[in-house]
K.L.:
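Can you keep this structure in mind? I'll have questions shortly.
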Amino acid sequence: MRSHLLALLLSLIAVILPPRCGCTDIIGGQVVRPHSWPFMAAIQRKHATVCGGALVGKQWVLTAAHCKLNKSEVRVVLGAHQASIAEKEQQIFKVMQDFPNPQFGRSSKENDIMLLKLNGIAKMNEYVQPLLLPDSCEDIKPGTMCQVAGWGVTSSGKPSKYLRKATLKIVGRKSCESKYGKYTKITSNMLCAAGKNKFLKTDTCQGDSGGPLICAGRYSGIVSFGKGCGRRDMPGVYTRLTEKYIDWIKKIMHLHRDP
């Protein structure tokens with residue numbers, strides 16, 4: 001009985017939460033072991049986490065293009081467990097330059113990927129480590145299990161104090177597109193993922209956008225958008241790290257590296 005009530009409560013919360021597309025905690029997840037995701041970046045405005053990201057180089061964070069904000073207002077926190085308070089493990093940077101993908105379409109949600117160049121070099125230690133870009137870019141098969149993490153809105157309707165993670169399962173694009181209908185086209189540059197338990201809602205939400213989707217131990221996608229959070233049979237959508245995007249990332253990092 002209790003599980004049915006929980007499912008009902010979460011479904012009601014999911015209906016009243018706004019769509020994920022402004023910058024997108026984890027619904028139905030769990031708090032991670034502190035600093036077990038040392039590549040996670042919290043992108044903040046006024047000390048509130050508005051997006052996530054992944055450290056992909058000593059001076060580079062990969063996130064979603066729709067997370068673009070005024071550089072002067074933004075700070076990037078590495079090595080955080082509670083991103084909203086000062087922790088001795090944290091390293092805090094400003095954004096020197098941002099590089100949204102030039103083909104990003106705000107309405108189509110296509111090419112929702114962006115690199116941030118930090119204004120300093122991150123010190124690598126047990127709390128701060130880069131996430132390796134994939135060395136192969138095969139499509140991720142439906143049914144593959146993935147993990148995602150963030151500090152965004154939880155089923156309480158409030159952002160999480162602590163970094164949380166959730167386990168999701170890749171959903172086929174045709175099935176995913178049938179759920180989104182005319183809302184947006186689901187392309188081969190996108191991945192769809194939903195909670196593995198249909199009775200316990202699991203999803204990303206506001207504040208999680210830009211965070212990494214890790215499938216079978218590999219960096220596979222970036223939190224992009226969804227319709228609501230944790231709605232039954234409504235997968236979240238992720239920018240897929242294709243060969244085209246990997247080449248673009250490497251090109252930007254090479255062209256704009258410090259001498």
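Numbering of residues begins at 1 and proceeds along the displayed sequence.
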K.L.:
Should Lys169 and Pro235 count as side-chain neighbours, where that means a heavy-atom distance under 4.5 Å?
P.N.:
no
K.L.:
Check whether Tyr219 and Ile252 end up in the same hydrophobic cluster, where Ile, Leu, Val, Met, Phe, Trp and Tyr are linked by side-chain heavy atoms less than 4.5 Å apart.
P.N.:
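Cluster IDs for Tyr219 and Ile252 match.
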K.L.:
Is it true that a side-chain atom of Lys71 and a backbone atom of Met96 form a donor plus acceptor pair closer than 3.5 Å?
P.N.:
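Answer holds: no.
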K.L.:
Name the orientation class of the two ring planes belonging to His35 and Tyr127 (parallel below 30°, tilted from 30 to 60°, perpendicular beyond 60°).
P.N.:
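Perpendicular: the ring planes of His35 and Tyr127 meet at over 60°.
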K.L.:
Kindly give the heavy-atom pair with the smallest separation between Leu163 and Gly150, and that separation in Å.
P.N.:
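Nearest heavy atoms, Leu163 then Gly150: CD1-N, 3.5 Å.
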K.L.:
Between CD1 of Ile113 and CG of Leu62, what distance do you get to the nearest 0.5 Å?
P.N.:
4.5 Å
K.L.:
Run the numbers on Asp98 and Val74 for side-chain contact (heavy atoms from CB on, under 4.5 Å), then give the verdict.
P.N.:
CA-CA 11 Å; Asp98 52 31; Val74 177; over 6 Å; no
K.L.:
Just wondering, do Asp139 and Leu191 contact through their side chains at under 4.5 Å, heavy atoms?
P.N.:
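Yes - at least one pair of side-chain heavy atoms lies under 4.5 Å apart.
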K.L.:
So which atom in Thr49 and which in Gln44 form the shortest heavy-atom distance, rounded to 0.1 Å?
P.N.:
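Closest approach of Thr49 to Gln44: OG1-NE2, 3.1 Å.
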K.L.:
Heavy atoms, side chains only, cut-off 4.5 Å: are Ile170 and Cys146 in contact?
P.N.:
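Yes, close enough: below the 4.5 Å cut-off.
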K.L.:
So do the side chains of Glu177 and Lys185 get within less than 4.5 Å of each other, counting heavy atoms only?
P.N.:
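Heavy-atom side-chain distance check passes, below 4.5 Å.
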K.L.:
State whether the number of non-hydrogen atoms from other residues, nucleotides or ligands found under 6.0 Å of Lys244 atom NZ is greater than 12.
P.N.:
yes
K.L.:
For residues Gly226 and Tyr183, report the shortest heavy-atom separation together with the two atoms involved.
P.N.:
O-OH, 4.0 Å
K.L.:
Would Val77 end up clustered with Val32 when hydrophobic side chains under 4.5 Å apart are linked, directly or stepwise?
P.N.:
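No, separate clusters.
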K.L.:
Once you round to the nearest 0.5 Å, how far does CG of Leu241 lie from CD1 of Ile222?
P.N.:
5.0 Å
K.L.:
Please examine the side chains of Lys250 and Ile246, heavy atoms only from C-beta on, and report whether any two atoms are closer than 4.5 Å.
P.N.:
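Side-chain contact under 4.5 Å: yes.
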K.L.:
Give, for atom CZ of Arg45 and atom SG of Cys51, the distance between the pair rounded to the nearest 0.5 Å.
P.N.:
9.0 Å
K.L.:
Tell me the closest heavy-atom pair linking Phe225 and Ile186, and the distance in Å.
P.N.:
CZ-CD1, 4.3 Å
K.L.:
I'd like to check Lys117 versus Val61 (side-chain heavy atoms, cut-off strictly below 4.5 Å). Are they in contact?
P.N.:
no
K.L.:
Atom CG in Leu69, atom CZ in Arg75: separation rounded to 0.5 Å?
P.N.:
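Here the rounded value is 14.0 Å.
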K.L.:
Please state whether the rings of Tyr162 and His81 are parallel, tilted or perpendicular, taking 30° and 60° as the class boundaries.
P.N.:
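Answer is tilted, since the angle falls between 30° and 60°.
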K.L.:
For the pair Asn119 (side chain) and Phe93 (backbone), establish whether a donor and an acceptor sit closer than 3.5 Å, ignoring hydrogens and angles.
P.N.:
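No; judged by distance alone, with no hydrogens or angles, the pair does not exist.
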K.L.:
Is a side-chain donor or acceptor of Arg218 paired with a backbone partner of Asp135 at a separation under 3.5 angstrom?
P.N.:
no
K.L.:
Using only atom types and a distance under 3.5 Å, with no angle test, would you say the side chain of Thr184 pairs donor to acceptor with the backbone of Ser108?
P.N.:
yes
K.L.:
Hey, does the side chain of Arg240 reach the backbone of Ser220 with a donor-acceptor pair shorter than 3.5 angstrom?
P.N.:
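Side chain of Arg240 to backbone of Ser220: no pair is present.
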K.L.:
Is any side-chain heavy atom of Leu132 closer than 4.5 Å to one of Phe39?
P.N.:
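Answer no - side chains too far apart.
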K.L.:
Do the side chain of Thr63 and the main chain of Gly52 share a donor and acceptor less than 3.5 angstrom apart?
P.N.:
yes
K.L.:
Which atoms form the tightest heavy-atom contact between Ser188 and Arg173, and what is the distance?
P.N.:
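Shortest heavy-atom separation between Ser188 and Arg173 comes out as O-NH2, 3.4 Å.
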K.L.:
If you count the non-hydrogen atoms of other residues, nucleotides and ligands that lie under 6.0 Å from CD in Glu243, is the total more than 12?
P.N.:
no
K.L.:
Between Asp112 (side chain only) and His66 (backbone N and O only), is there a donor and an acceptor less than 3.5 Å apart?
P.N.:
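Yes, the answer is positive, given that a donor and an acceptor are paired below the 3.5 Å cut-off.
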K.L.:
Between the main-chain N or O of Lys123 and the side-chain N or O of Gln91, is there a donor-acceptor pair closer than 3.5 Å?
P.N.:
yes
K.L.:
Please evaluate residues Phe104 and Met114 with respect to the criterion side-chain contact (heavy atoms from CB on, under 4.5 Å), reporting the C-alpha separation (whole Å), side-chain torsions for both, the decisive distance (0.1 Å), and the verdict.
P.N.:
CA-CA 9 Å; Phe104 169 56; Met114 175 170 66; over 6 Å; no
K.L.:
Between Val56 and Leu115, does the side-chain contact (heavy atoms from CB on, under 4.5 Å) criterion hold? Intermediate values first, please.
P.N.:
CA-CA 9 Å; Val56 292; Leu115 271 167; 4.1 Å; yes
K.L.:
Would the distance check show the side chain of Lys109 and the main-chain N or O of Ser107 forming a donor-acceptor pair, the cut-off being under 3.5 Å?
P.N.:
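Side chain of Lys109 to backbone of Ser107, a donor-acceptor pair under 3.5 Å: yes, one is there.
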K.L.:
Is it the case that the ring center of Phe99 lies less than 6.0 angstrom away from the ring center of His256?
P.N.:
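Judged by ring-centre distance (under 6.0 Å), His256 and Phe99 do meet the cut-off.
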K.L.:
What verdict does the side-chain contact (heavy atoms from CB on, under 4.5 Å) test give for Trp60 and Ile249, after you've listed the backbone C-alpha separation in whole Å, the side-chain angles of each residue and the deciding distance to 0.1 Å?
P.N.:
CA-CA 10 Å; Trp60 295 92; Ile249 291 164; over 6 Å; no
K.L.:
How far apart are the closest heavy atoms of Gly57 and Pro130, and which atoms are they?
P.N.:
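For Gly57 versus Pro130, the nearest heavy atoms are N-CB, 4.3 Å.
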K.L.:
Say you draw a straight line from CE of Met253 to CH2 of Trp248; how long is it, rounded to the nearest 0.5 Å?
P.N.:
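Taking CE in Met253 and CH2 in Trp248, the distance rounds to 11.0 Å.
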K.L.:
With a 4.5 Å limit on heavy-atom distance, are the side chains of Leu55 and Met124 in contact?
P.N.:
yes
K.L.:
Please check this pair: side chain of Gln90 against backbone of Gln82, looking for a donor-acceptor N/O pair closer than 3.5 Å.
P.N.:
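The answer is yes, because a donor-acceptor pair under 3.5 Å joins these two groups.
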K.L.:
Indicate yes or no: does Asp258 engage Lys58 in a salt bridge with an N to O separation below 4.0 Å.
P.N.:
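Salt bridge flag = no for Lys58 with Asp258.
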K.L.:
Please check if Val223 and Val171 belong to a single hydrophobic cluster, counting links between Ile, Leu, Val, Met, Phe, Trp and Tyr side chain heavy atoms closer than 4.5 Å.
P.N.:
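Different clusters: Val223 never reaches Val171 through Ile, Leu, Val, Met, Phe, Trp or Tyr contacts under 4.5 Å.
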K.L.:
When rounded to the nearest 0.5 angstrom, what distance separates CD1 in Ile214 from CG in Leu168?
P.N.:
11.5 Å
